[in-house]
Chemist: 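Here it is, the structure, as structure tokens.
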Amino acid sequence: MVVNPAHRLSDMRIATWNVNSVKQRIDSLTAWLAERSPDIVCLQETKCVDDAFPREPIEALGYNVAVHGQKTFNGVAILSRFRFDEVTPRLPGDAADEHARFLEATISTTRGVLRVASIYLPNGNPPDTEKYTYKLKWMDRLIKYANERLDLEEPLILAGDYNVIPTPRDVHDPAAWSKDALFLPRTREKFRALTHLGLTDAIRAVSDDPGHFTFWDYQAGAWPKNWGIRIDHLLLSPQAADRLSGAGIDKHVRSWERPSDHVPVWADLAIDPE
DNA sequence: ATGGCCAATATGATTGGA
């Protein structure tokens, strides 16, 4: 899906992609970076410690790399053609939470300042366990964080794998997902509480159509059957949404060799040079 | 929704993912 084919040179392109192991996906990642040419990229499920992150092939393409990983699971990163100003790991609100699921960066550019967060929101399945409790608490922390950041009235992008299917239009078969942690009413209610703070879902700002998916399960032939869901989102503060000029989902990447089960999502912001 | 997957781990079975 490409909503704005006329990409302006002055636009800033920001993307998010759950790569499901950055070491397994490094060749696909560099190929996609060359193809889509994003300025800023939020990655999730990097699944490696910081020392093992394959920085060199990414830096060779002109990106700065900020990482917050851990052994085996989770892990987030931000790639940027612009220099990082501040880089801060961990979502506030629970000092005991050791999961590497959040990384915030501020980026000073000749076009202004942007604040970006790479988010890997907990899956929460099965819903009758502490995993779902953790998900809901994590969402409460994210709402509090977003509320505080929105007070700054800056261009802010919260990009990542939210593990939330916002509406029935975002899933091939709503009934099949009705008892899943990604689509339960309490999950969707908390996501609405987040967006209702004043955040704009970039894809929904450019299209109301059903069938815009970002994830297809590896199992049961979900990809060839197009049994997908939309769970990777770019949420924009008003100051960022005012400048939204286009957004899209790089669905074709799912058909590449040894793909991630998620595909990249991107948005263009018309931020003019100073 | 599931017959069918994928990634990491001192691995050959288990856990987590969605």
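Per chain, numbering begins at 1; letters A, B, ... match sequence-line order.
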Chemist: Base, sugar-phosphate, or nothing: which does A/Arg101 touch, judged by heavy atoms less than 4.0 Å apart?
Modeler: sugar-phosphate
Chemist: Determine, step by step, whether A/Leu158 and A/Tyr145 satisfy the side chain to side chain contact (heavy atoms under 4.5 Å, CB included) criterion, reporting the C-alpha distance in whole Å, the side-chain angles of both residues, the deciding distance to 0.1 Å, and the verdict.
Modeler: CA-CA 11 Å; A/Leu158 306 180; A/Tyr145 160 84; 3.8 Å; yes
Chemist: For A/Tyr120, answer base if it contacts any base atom (sugar-phosphate contacts may also be present), sugar-phosphate if it contacts only those atoms, and nothing otherwise; contact means non-hydrogen atoms under 4.0 Å.
Modeler: sugar-phosphate
Chemist: If you assign each of A/Lys131 and A/Val22 to its closest nucleotide in DNA chain B, which residue comes earlier from the 5' end?
Modeler: A/Val22
Chemist: Specify the separation, in whole Å, of atom CG of A/Asp180 and atom C1' of B/dG16.
Modeler: 14 Å
Chemist: Quick one: label A/Ala175 by what it contacts on the DNA or RNA (base, sugar-phosphate, nothing), any heavy atom closer than 4.0 Å.
Modeler: sugar-phosphate
Chemist: Provide the full list of salt bridge (Lys or Arg N to Asp or Glu O under 4.0 Å) pairs with a residue in residues 90-104 of chain A, sequence neighbours left out, each pair given once.
Modeler: A/Arg90-A/Glu98, A/Asp97-A/Arg141, A/Glu104-A/Arg115, A/Glu104-A/Arg149
Chemist: Roughly, in whole Å, what's the span from CD in A/Glu45 to C1' in B/dC6?
Modeler: 11 Å
Chemist: Going by number, which of residues 213-223 of chain A have a non-hydrogen atom under 4.0 Å from DNA chain B?
Modeler: A/Phe215, A/Asp217, A/Tyr218, A/Gln219, A/Ala220
Chemist: Please classify the nucleic acid contact of A/Asn18 as base, sugar-phosphate, or nothing, using heavy-atom distances under 4.0 Å.
Modeler: sugar-phosphate
Chemist: Indicate, with a heavy-atom threshold strictly under 4.0 Å, whether A/Asn163 touches base, sugar-phosphate, or nothing.
Modeler: sugar-phosphate
Chemist: For the C1' atoms, the ones on B/dG12 and on B/dA7, what distance do you get once it is rounded to whole angstrom?
Modeler: 15 Å
Chemist: Considering only the P atoms, how many Å lie between B/dT11 and B/dT15, rounded to the nearest integer?
Modeler: 13 Å
Chemist: Taking atom P in both B/dA10 and B/dC6, compute the distance separating them and give it to the nearest angstrom.
Modeler: 23 Å
Chemist: Looking only at the aromatic ring of each residue, does the gap between the centers of A/Trp32 and A/Trp256 stay below 6.0 angstrom?
Modeler: no
Chemist: How far apart are the C-alpha atoms of A/Asn20 and A/Lys47, what are their side-chain angles, what is the distance that settles it, and do they pass the side chain to side chain contact (heavy atoms under 4.5 Å, CB included) test?
Modeler: CA-CA 7 Å; A/Asn20 187 16; A/Lys47 292 189 174 178; 2.8 Å; yes
Chemist: Expressed in whole Å, how much space separates the C1' atoms belonging to B/dC5 and B/dA18?
Modeler: 12 Å
Chemist: Is A/His262 touching bases, backbone alone, or none of the nucleic acid, heavy atoms closer than 4.0 Å?
Modeler: sugar-phosphate
Chemist: Which pair of non-hydrogen atoms, one from A/Ala220 and one from A/Lys225, has the smallest distance, and what is that distance?
Modeler: O-NZ, 3.3 Å
Chemist: For DNA chain B, whose closest nucleotide is more 5', that of A/Asp173 or that of A/Asn74?
Modeler: A/Asp173
Chemist: Between the base of B/dA18 and the side chain of A/Asn123, is one N or O donor paired with an acceptor at under 3.5 angstrom?
Modeler: yes
Chemist: Atom NE2 of A/His99 to atom C1' of B/dG17: distance rounded to whole Å?
Modeler: 13 Å
Chemist: With sequence neighbours left out, which residue pairs that include part of residues 48-65 of chain A fulfil the salt bridge (Lys or Arg N to Asp or Glu O under 4.0 Å) condition?
Modeler: A/Arg55-A/Glu59
Chemist: Taking atom types as they are modelled, is there a donor-acceptor pair under 3.5 Å from the base of B/dG4 to the side chain of A/Lys225?
Modeler: yes
Chemist: Could you check A/Lys135, A/Lys190, A/Arg186 and say which one makes a salt bridge (Lys or Arg N to Asp or Glu O under 4.0 Å) with A/Asp140?
Modeler: A/Lys190
Chemist: Check every strand shown and say whether A/Asp161 touches a base, only sugar-phosphate, or nothing at a heavy-atom separation below 4.0 Å.
Modeler: sugar-phosphate
Chemist: Rounding to the closest angstrom, what is the interatomic distance between B/dT2 and B/dG17 at atom P?
Modeler: 22 Å
Chemist: Please determine if A/Arg13 and A/Asp268 form a salt bridge, counting it only when a charged side-chain N lies under 4.0 Å from a carboxylate O.
Modeler: yes
Chemist: If you check the A/Lys47 side chain, which of B/dA18, B/dA10, B/dA7 turns out closest?
Modeler: B/dA7
